[in-house]
Amino acid sequence: MNKAERFLKEAAELGSQLVVVSEAFIGGYPHGYNFAMLLPLMSLGPEVDRLAAMAAKYKVYLVTGAIEREGYTLYCSVLLFDPEGNYLGKHRKIMPTYSKRLVWGFGDCSTTPVYDTPYGKLGSVIFRENRMPLLRTSMYAKGIEIYCAPTADSGDTWVSTMTHVAMEGGCYVLSPIQFCRRKDYPYPPKYLYSPSEEFVTYDSDSIIWAGGSVIISPHGEVLAGPNYEGEGLFTADLDVRGEIPKAKFKFDVIGHYSRPDILNLTVNNRPLVPVIFTSSPCKSKDKDGERKDI
């Protein structure tokens, strides 16, 4: 949380109106060999209030990755705040990747919001959800203009993926990517990045996640990044009102370049819950004769 505030302060000093932070920045990403043992440490509560206060203090829109807990289920989420310190809402990742499916729950399309802001319509898609064409299409249909893609994917193909999304959706894409060294995680034996760490001395400066954060225009132009040098903050000016119409004029995937007569998408945006009660609560009397719901 202290690091988040430091980044927000630096961004505000540069005149930024929107700050986007990487996936699972709050709560921690489950890298490593024995991450399952650390799951009780990854939860979210009063941090939401503090993040809201930071957004208000530095007068920025804040989009940050966070590990959210509801009941006994963890979700990889993105939280969004406005410059007045209001919590706007969240997006829960609808499809965790690989072994993360063992520890994170599945979101649904009730948490795929796009918010109107003075700078453009703002929303978020996480990690490899960005390679799900139907989810992307649903976001384009909501009019997203500032497409935030926090991720932990520092692979060679990620910039190409983000470039494709920017051009396909005719939107600005902001993709902050984790940069982590071994020393950013607890020391053995509490946390093992690999089984061998239990027996050999590890290099605290070794890079676990290589970064590669990038900002891309609706025309596929890289405006900032990719940054593989370390932790950092970089900015770009987004001309939403000027450049997005130019891009959409050439290609509008849910407008003049669509064929709804032969290809269409139906999205279930209702919350998917395991139990639905269809009748009124039952009434019972307590020991004092008062009626209460059960």
Side-chain angles (χ1 to χ4, degrees), residues 1-12 14 16 18-32 35 38 41-44 47-48 50-51 54-55 58 60-68 74-81 90-98 100 103-104 107 122-131 146-159 161-162 165-166 172-185 193 207-216 222-236:
M1 294 295 291
N2 292 336
K3 182 182 287 188
E5 180 152 16
R6 174 167 57 84
F7 283 146
L8 282 177
K9 182 176 184 295
E10 292 177 12
L14 293 172
S16 301
L18 166 66
V19 179
V20 187
V21 187
S22 62
E23 179 182 10
F25 188 83
I26 307 299
Y29 193 88
H31 291 306
F35 64 80
L38 301 181
L41 300 179
M42 294 190 275
S43 61
L44 196 64
E47 291 86 354
V48 172
R50 185 174 174 189
L51 289 167
M54 290 181 197
Y58 298 108
V60 296
Y61 281 90
L62 172 61
V63 179
T64 182
I67 302 303
E68 173 204 6
L74 298 175
Y75 298 91
C76 181
S77 301
V78 164
L79 310 179
L80 299 96
F81 303 86
K90 66 191 173 191
H91 165 53
R92 285 178 174 171
K93 185 188 285 191
I94 66 171
M95 179 53 68
T97 303
Y98 300 145
K100 271 70 78 177
V103 296
W104 288 341
L122 176 68
S124 183
V125 178
I126 307 170
F127 197 44
R128 291 184 185 167
E129 290 182 325
N130 290 280
R131 293 177 179 168
I146 304 174
Y147 184 113
C148 302
T151 185
D153 190 336
S154 57
D156 295 337
T157 61
W158 188 252
V159 174
T161 296
M162 294 295 94
V165 171
Y172 283 96
V173 171
L174 291 71
S175 184
I177 305 175
Q178 295 182 15
F179 181 91
C180 301
R181 296 185 185 274
R182 179 61 185 85
K183 63 186 177 184
D184 296 323
Y185 292 85
Y193 182 69
I207 295 173
I208 289 179
W209 226 244
S213 299
V214 68
I215 301 174
I216 301 176
V222 176
L223 302 178
N227 172 36
Y228 297 103
E229 302 302 318
E231 286 187 349
L233 176 70
F234 58 93
T235 65

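All residue numbers in this chain count up from 1 along the given sequence. Given the structure is predicted, the values throughout are model-derived calculations rather than measurements.
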Practice problem: Give a yes or no on whether a salt bridge exists between Glu68 and Arg92, defined as a side-chain N under 4.0 angstrom from a carboxylate O. | Solution: yes
Exercise. Please report the shortest heavy-atom distance between Ala149 and Ser175, naming the atom on each side.
Key: O-OG, 2.8 Å
Quiz item: Roughly how far apart are Phe127 CZ and Met95 CE, rounded to 0.5 Å?
Solution: 13.0 Å
Quiz item: Quick check: does any side chain N or O of Ser124 sit under 3.5 Å from a backbone N or O of Cys148, one acting as donor and the other as acceptor?
Solution: yes
Exercise. Could you verify whether a donor N or O on one side chain and an acceptor N or O on the other, from Arg131 and Thr97, lie under 3.5 Å apart?
Key: no
Quiz item: Can you tell me how far the NZ atom of Lys100 sits from the CG atom of Leu74, to the nearest 0.5 Å?
Solution: 14.0 Å
Quiz item: How far does CG of Leu18 sit from OH of Tyr172, to the nearest 0.5 angstrom?
Solution: 13.0 Å
Quiz item: With the threshold set at 4.0 Å, does a side-chain nitrogen-carboxylate oxygen contact exist between Glu5 and Lys9?
Solution: no
Quiz prompt | Sidechain-backbone polar pair: Thr64 side chain, Val21 backbone, donor-acceptor under 3.5 Å | solution = no
Exercise. Heavy atoms only: give me the nearest Asp153-Gly155 pair and the separation to one decimal.
Key: OD1-N, 2.9 Å
Exercise. Work out which heavy atom in Ile26 is nearest to a heavy atom in Leu51; give both atom names and the distance.
Key: CG1-CD1, 4.3 Å
Self-check item: Side-chain touch Leu80/Tyr61, heavy atoms, less than 4.5 angstrom
Solution: no
Practice problem: Search all heavy atoms of Val60 against all heavy atoms of Ser16 and return the closest pair with its distance. | Solution: CG1-O, 3.3 Å
Practice problem: Measure the SG-CD1 distance between Cys76 and Ile67 for me, rounded to the nearest 0.5 Å. | Solution: 4.5 Å
Exercise. Could you check if a side-chain atom of Leu79 sits within less than 4.5 angstrom of a side-chain atom of Phe81, using non-hydrogen atoms only?
Key: yes
Exercise. Verify the distance criterion only: is there a donor paired with an acceptor across the side chains of Trp158 and Thr151 at less than 3.5 Å?
Key: no
Quiz item: If you take all heavy atoms of Gly211 and Ser154, which pair is closest and at what distance?
Solution: O-CB, 2.9 Å
Side-chain donor/acceptor pairs under 3.5 Å, residues 223-233, sequence neighbours excluded:
{"unit_1": "Asn227", "atom_1": "OD1", "unit_2": "Glu229", "atom_2": "N", "d": "3.0"}
{"unit_1": "Asn227", "atom_1": "ND2", "unit_2": "Gly230", "atom_2": "O", "d": "3.0"}
{"unit_1": "Glu231", "atom_1": "OE2", "unit_2": "Lys3", "atom_2": "NZ", "d": "2.6"}

Quiz item: To the nearest 0.5 Å, what is the distance between CD1 (Ile215) and OG1 (Thr235)?
Solution: 7.0 Å
Quiz item: Quick one: does Arg128's side chain get under 4.5 Å of Tyr98's, heavy atoms only?
Solution: yes
Exercise. Check whether any side-chain N or O of Gln178 sits under 3.5 Å from a backbone N or O of Ser22 as a donor-acceptor pair, and report yes or no.
Key: no
